[in-house]
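Only heavy atoms go into these numbers, but all of them, side chains included; no hydrogens, no water, no symmetry mates. Chain letters run A, B, ... following the sequence lines, proteins first, then strands; residues in each count from 1.
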Amino acid sequence: MPSQNSCDQLDAGWFITFRRQLMRWYRKHQRPLPWRQTDDAYRIWISETMLQQTQVATVLDYYSRFLQRFPTVLALAAADTQEVLQLWAGLGYYRRARNLHQAAQQVVEHHGGSLPSNVDALQSLAGIGRYTAGAIASFAFDRRAPILEANTQRLFSRLLAIQIPLQLSQTQRRLWQFAEDILPSRSGSGQINQAVMELGSLVCTPQTPSCSSCPLADLCAAYRLGLQLKIPVPKPKPSFQSVVHV
DNA sequence: CTCCGGGTAA
DNA sequence: TTACCCGGAG
């Protein structure tokens with residue numbers, strides 16, 4: 001029996017099928033991005049930070065220039081703040097650059113100049129939150145660390161046909177749990193995490209998802225229900241309550 | 001033109 | 001919960 005899920009009764013077989021179909025697609029369709037050609041945690045960290053709130057096409061040039069000037073944690077830690085900001089100019093969210101600089105110094109001081117592989121240690125660094133910590137831990141160190149960001153929230157909410165707003169804490173808990181559930185027990189979490197993000201980015205797109213070419217369509221509850229255009233549900237409009245009668 | 005999304009920190 | 005900053009959407 002292919003696991004149905006009225007209330008998320010997904011069995012082990014479902015996750016195995018999920019990973020097999022996902023990875024077959026990813027091996028064939030992934031973009032050859034520079035930060036995927038490396039397992040250097042520093043490079044992955046820089047790319048993930050730049051990719052927050054900034055799109056791939058823009059990041060490419062900045063990424064290359066930044067790493068040429070600051071090839072290592074040590075080089076960045078020793079840099080002048082103004083030069084870091086200069087290399088960041090045009091990307092916006094300059095706090096990201098300041099945090100990067102500060103965190104590099106924290107890594108030198110507390111971790112001997114190498115980024116830690118542990119999620120909690122990563123998250124204690126400036127500018128590294130739950131997502132980025134999971135990304136570094138899984139991509140660079142292949143730790144079994146879940147990640148959740150805009151693309152995977154959309155993908156997962158469709159797969160599970162979640163029909164309540166994403167920002168509810170209850171929904172976030174469910175999505176983070178699912179993000180962990182899809183990870184293999186031994187190795188390969190980094191590849192799975194990269195693959196779900198790539199699928200969300202290229203196929204399970206916001207407005208017109210390409211369900212006909214989605215490797216997970218047969219596992220997708222929203223697709224099964226014809227709800228892929230209705231999910232994720234739009235965020236509740238700010239409602240003003242009428243005070244008139246009070 | 002205005003509005004809105006999006007990781008992190010406060 | 002909001003600001004940060006920019007690009008994409010309306």
Side-chain angles (χ1 to χ4, degrees), chain A residues 33 35 41-63 65-66 76 81-82 84-107 110 115-116 118-140 145-158 162 164-180 193-194 196-202 204-209 229-241:
Chain A
L33 301 170
W35 42 88
Y42 172 69
R43 290 179 169 253
I44 288 165
W45 172 39
I46 300 301
S47 72
E48 289 304 325
T49 303
M50 287 184 171
L51 287 164
Q52 290 167 19
Q53 293 85 31
T54 308
Q55 46 191 54
V56 170
T58 306
V59 165
L60 287 169
D61 286 333
Y62 283 88
Y63 175 78
R65 274 187 285 119
F66 196 93
L76 178 57
T81 304
Q82 285 312 311
V84 177
L85 290 171
Q86 224 171 294
L87 277 170
W88 204 266
L91 279 180
Y93 282 81
Y94 295 93
R95 174 175 293 179
R96 290 182 294 173
R98 295 181 182 278
N99 284 152
L100 224 36
H101 190 215
Q102 184 188 341
Q105 295 171 342
Q106 294 174 327
V107 169
H110 301 296
L115 281 158
N118 169 276
V119 169
D120 292 323
L122 285 165
Q123 235 183 297
S124 74
L125 299 170
I128 298 186
R130 194 174 178 184
Y131 162 73
T132 306
I136 296 171
S138 64
F139 300 175
I147 53 107
L148 187 67
E149 42 67 73
N151 290 312
T152 52
Q153 290 195 38
R154 186 175 60 251
L155 172 65
F156 296 165
S157 67
R158 285 173 176 156
I162 293 178
I164 54 177
L166 294 186
Q167 55 270 57
L168 298 176
S169 60
Q170 151 194 6
T171 310
Q172 289 297 305
R173 278 196 302 278
R174 176 130 91 112
L175 291 173
W176 274 104
Q177 182 60 55
F178 183 73
E180 186 177 333
N193 282 340
Q194 304 211 54
V196 283
M197 283 199 290
E198 190 76 334
L199 187 63
S201 165
L202 298 180
C204 199
T205 51
Q207 56 279 349
T208 328
L229 297 177
K230 299 288 192 181
I231 296 176
V233 309
K235 116 165 133 184
K237 301 167 186 175
S239 78
F240 300 80
Q241 65 174 7

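Using a 4.0 Å heavy-atom cutoff across all strands shown, A:R96 reaches no nucleic acid atom at all. Looking at heavy-atom distances under 4.0 Å, A:T49 makes no contact with the nucleic acid at all. Residue contacts shown for A:L166 are absent, as no nucleic acid heavy atom lies under 4.0 Å away. A:Y93 comes within 4.0 angstrom of a base, heavy atoms only. Counting non-hydrogen atoms under 4.0 angstrom, A:E149 reaches the backbone sugars and phosphates but no base.
For the pair A:L91 CG and B:dG6 P, the computed distance is 19 Å after rounding to whole Å. Whole-Å rounding puts the A:R95 CZ to C:dA3 C1' distance at 7 Å. In this structure, A:L51 places its CG atom 19 Å from P of C:dC5, rounding to the nearest Å. One atom, CG of A:L148, and another, C1' of B:dT8, lie 14 Å apart when rounded to the nearest Å. The interatomic distance linking A:M50 (CE) with C:dC6 (P) rounds to 15 Å, in whole Å. Note: OH (A:Y62) to P (C:dC5) measures 14 Å, nearest angstrom. Across the protein-nucleic acid pair, A:Q207 atom CD and B:dC4 atom P stand 17 Å apart, rounded to whole Å. Atom C1' of nucleotide B:dT8 and atom CG of A:L100 are separated by 13 Å, given to the nearest angstrom.
Under 4.0 angstrom from either OP1 or OP2 of C:dC4 there lies no side-chain N or O belonging to A:Q53. Note on A:Y131: every side-chain N or O is 4.0 Å or more away from OP1 and OP2 of B:dG6. Taking only side-chain nitrogens and oxygens, A:T132 comes nearer than 4.0 Å to OP1 or OP2 of B:dT8. At the phosphate of B:dC4, neither OP1 nor OP2 sits under 4.0 Å from any side-chain N or O atom of A:K235.
When atom types are taken as modelled, the side chain of A:R96 and the backbone of A:M50 share a donor-acceptor pair closer than 3.5 angstrom. Although no hydrogens or angles enter the test, the distance criterion places no donor-acceptor pair under 3.5 Å between the side chain of A:R130 and the main chain of A:L148. The main-chain N or O of A:T49 is never found under 3.5 Å from a side-chain atom of A:W45 such that the two would form a donor-acceptor pair.
A side-chain donor from one of A:Q172 and A:Q153 sits under 3.5 Å from a side-chain acceptor of the other.
Aromatic rings from A:W88 and A:Y62 are positioned such that their centres are separated by 6.0 Å or more.
When the nearest nucleotides of DNA chain C are assigned to A:Q55 and A:G92 by heavy-atom distance, the more 5′-ward of the two goes with A:G92.
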